[in-house]
Amino acid sequence: MSIIIFFVILLILVIVHEAGHFYSAKKFSIRVDEFGFGFPPKLYGKKVGETEYSFNLLPIGGFVKIFGENPDDENTFGPDKDRSFINKPKWQQAIVLGAGVFANFLLAWVLFSFGFMSGMPTSVSNVNADYSLEDVRLLIVSVIPESPAEKAGLESGDTIVSLQSGNDLVTTDVNPEILKSFVSENANKEIEIGYYRAGEENVDYLKVIPASENGGEPMIGISMDLVGVAKLPIFKAFSEGMKYTLFATKSTAVGLYSLIKEAILGRGSMEYITGPVGMVGIVGDAYDLGISYLLSFAAIISINLAIINLLPFPALDGGRLFFLLIEKIKGSRLNPRFTNAANLVGFAILILFMIAVTYHDITLLF
């Protein structure tokens, strides 16, 4: 089921992104030769009007084949040159190139907004004064590897409902401060934690002994947050959806910058990168948690897709925009052989990178 949901999400994200390019190109009377989901070899294609719609074997992306995007003699000087991308004004080219990214940001906004309408899990610390949360609970956000919590069996997404050590018992209003205090007061003692997991109705119990490193504070090895459900009316939902989109965009951009910086400095790690195989598992977890989590996950992936496409790397939208900027500054076109070769090399590097990430994902399964 997770695989099916993942491919449905991927299909929607790709179609929305490429539809942005497609729609803007059509608006400027640019010929679109193909709208493809996945990368060749082609499995199926059907021509409607002047555009062929195709499904391809490698379901890791998609493309719109715009006439004149890769310049040659035919689309530059041929009989249909007036409908060629390369012969359109620079501002129209920029809009066509950026339309896919804009469409992904727009989709993220819509998904977050629908999440708020259906009931969005929201941190208590992020709540505005003009609305309140229902079903507030202490949620485990992440579990530190090899920590007492992980060894005991706690997982991210678990909700902590009770704490007990000997006669010391907490069963109501468990929050981060209470848990930290409880762990500190019962250092080196066995603590029984009552929790329930998404998709399960009954409360389960496990035992964990806090540990401290180098004489520091005792801990069980989790990060946590008080989370409730915000269910908002349509106009408020779209307002909060926009705020979440802006926040997620900023966080994603900062994270990507840090990742690239560490890679340049030689400190990069595949540990922080997840490909299609790893994302299937994340989709399954989000699906188990509920529709609002799934919508949020899809929105975040849409934002990631938009930001990555903005990178000034050949074959990406950002790379083509960068070449366009150079042409605008120098007042003449770049050599088509150079731009086509650069985009081809960039595409090959991206495919190899995707293969490497996928291989890394597979190795983690064994």
Side-chain angles (χ1 to χ4, degrees), residues 1-2 5 112 115-129 131-213 216-232 240 244 247 281-297 300:
M1 187 64 179
S2 296
I5 295 173
F112 276 132
F116 275 111
M117 281 184 264
S118 63
M120 176 74 79
T122 305
S123 172
V124 170
S125 60
N126 293 335
V127 174
N128 293 326
Y131 71 88
S132 59
L133 301 180
E134 302 174 357
D135 189 27
V136 177
R137 60 199 186 279
L138 181 59
L139 189 73
I140 297 178
V141 177
S142 63
V143 180
I144 299 174
E146 301 301 318
S147 66
E150 185 189 58
K151 293 176 181 178
L154 286 174
E155 299 178 3
S156 58
D158 289 347
T159 296
I160 296 178
V161 295
S162 69
L163 305 166
Q164 183 172 10
S165 179
N167 295 324
D168 196 0
L169 176 64
V170 177
T171 58
T172 58
D173 298 327
V174 182
N175 59 49
E177 290 71 26
I178 289 176
L179 190 145
K180 289 177 182 177
S181 176
F182 194 93
V183 168
S184 179
E185 292 170 2
N186 293 280
N188 301 317
K189 297 180 182 179
E190 191 175 70
I191 298 176
E192 183 179 75
I193 296 178
Y195 70 98
Y196 66 83
R197 188 155 293 164
E200 299 180 4
E201 297 181 358
N202 299 323
V203 176
D204 291 318
Y205 298 88
L206 55 76
K207 295 180 179 180
V208 60
I209 298 177
S212 58
E213 294 184 2
E217 287 289 324
M219 52 178 280
I220 61 174
I222 62 172
S223 60
M224 53 196 161
D225 196 8
L226 272 180
V227 175
V229 175
K231 194 168 185 178
L232 306 177
E240 289 301 310
Y244 258 56
F247 173 77
I282 299 174
V283 166
D285 293 339
Y287 177 75
D288 290 337
L289 290 170
I291 184 63
S292 54
Y293 283 92
L294 193 60
L295 291 173
S296 297
F297 172 76
I300 291 170

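Excluded from the calculations below are hydrogen atoms, water molecules and symmetry mates; all remaining heavy atoms, backbone and side chain alike, are included.
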The reported gap from OH in Y195 to CG in D204 (rounded to nearest 0.5 angstrom) is 4.5 Å
Heavy atoms only: give me the nearest E146-E150 pair and the separation to one decimal.
N-OE1, 2.6 Å
Is there a donor-acceptor pair under 3.5 Å between the side chain of S292 and the backbone N or O of S118?
no
Nearest 0.5 Å please: distance from the NZ atom of K207 over to the CD atom of Q164.
9.0 Å
Would you compute the distance between atom CG of L226 and atom CG of L138 and round it to the nearest 0.5 angstrom?
5.5 Å
Side chains of I191 and S165, heavy atoms from C-beta outward: is any pair under 4.5 Å?
yes
Residue among V183, I220, L154 satisfying side chain to side chain contact (heavy atoms under 4.5 Å, CB included) with V208:
I220
Determine whether F112 and I300 make a side-chain contact, defined as any pair of heavy atoms from C-beta on separated by less than 4.5 Å.
yes
At their closest point, which heavy atom of N175 faces which heavy atom of I178, and how far apart are they?
OD1-N, 2.8 Å
Separation between OG (S162) and CG (L169), nearest 0.5 Å, reads 7.0 Å
What distance do M224 atom CE and L179 atom CG have between them, rounded to the nearest 0.5 Å?
4.5 Å
Considering all heavy atoms of both residues, which atom of P121 and which atom of Y244 are nearest to each other, and what is their separation?
O-OH, 4.2 Å
For G228 and R137 the tightest heavy-atom approach is CA-NH1, 4.4 Å
CG of D135: more than 12 outside heavy atoms within 6.0 angstrom?
yes
Over all heavy atoms of both residues, which pair between G221 and A149 is shortest? Give the atoms and the distance, please.
O-CB, 4.2 Å
Indicate yes or no for a side-chain donor-acceptor contact from D225 to the backbone of V227 under 3.5 Å, with no hydrogens or angles considered.
no
Quick check: do K151 and L206 have side-chain heavy atoms less than 4.5 Å from each other?
no
Within this structure, what is the CZ-CD1 distance for the pair R197 and I140, rounded to the nearest 0.5 Å?
8.5 Å
Over all atoms of both residues, closest heavy-atom pair of N202 and Y196
O-CB, 3.8 Å
Taking the side chain as everything from C-beta on, heavy atoms only, tell me whether M219 gets closer than 4.5 Å to I144.
yes
Ignoring hydrogens and geometry, is there a side-chain-to-backbone donor-acceptor pair from D158 to E155 under 3.5 Å?
yes
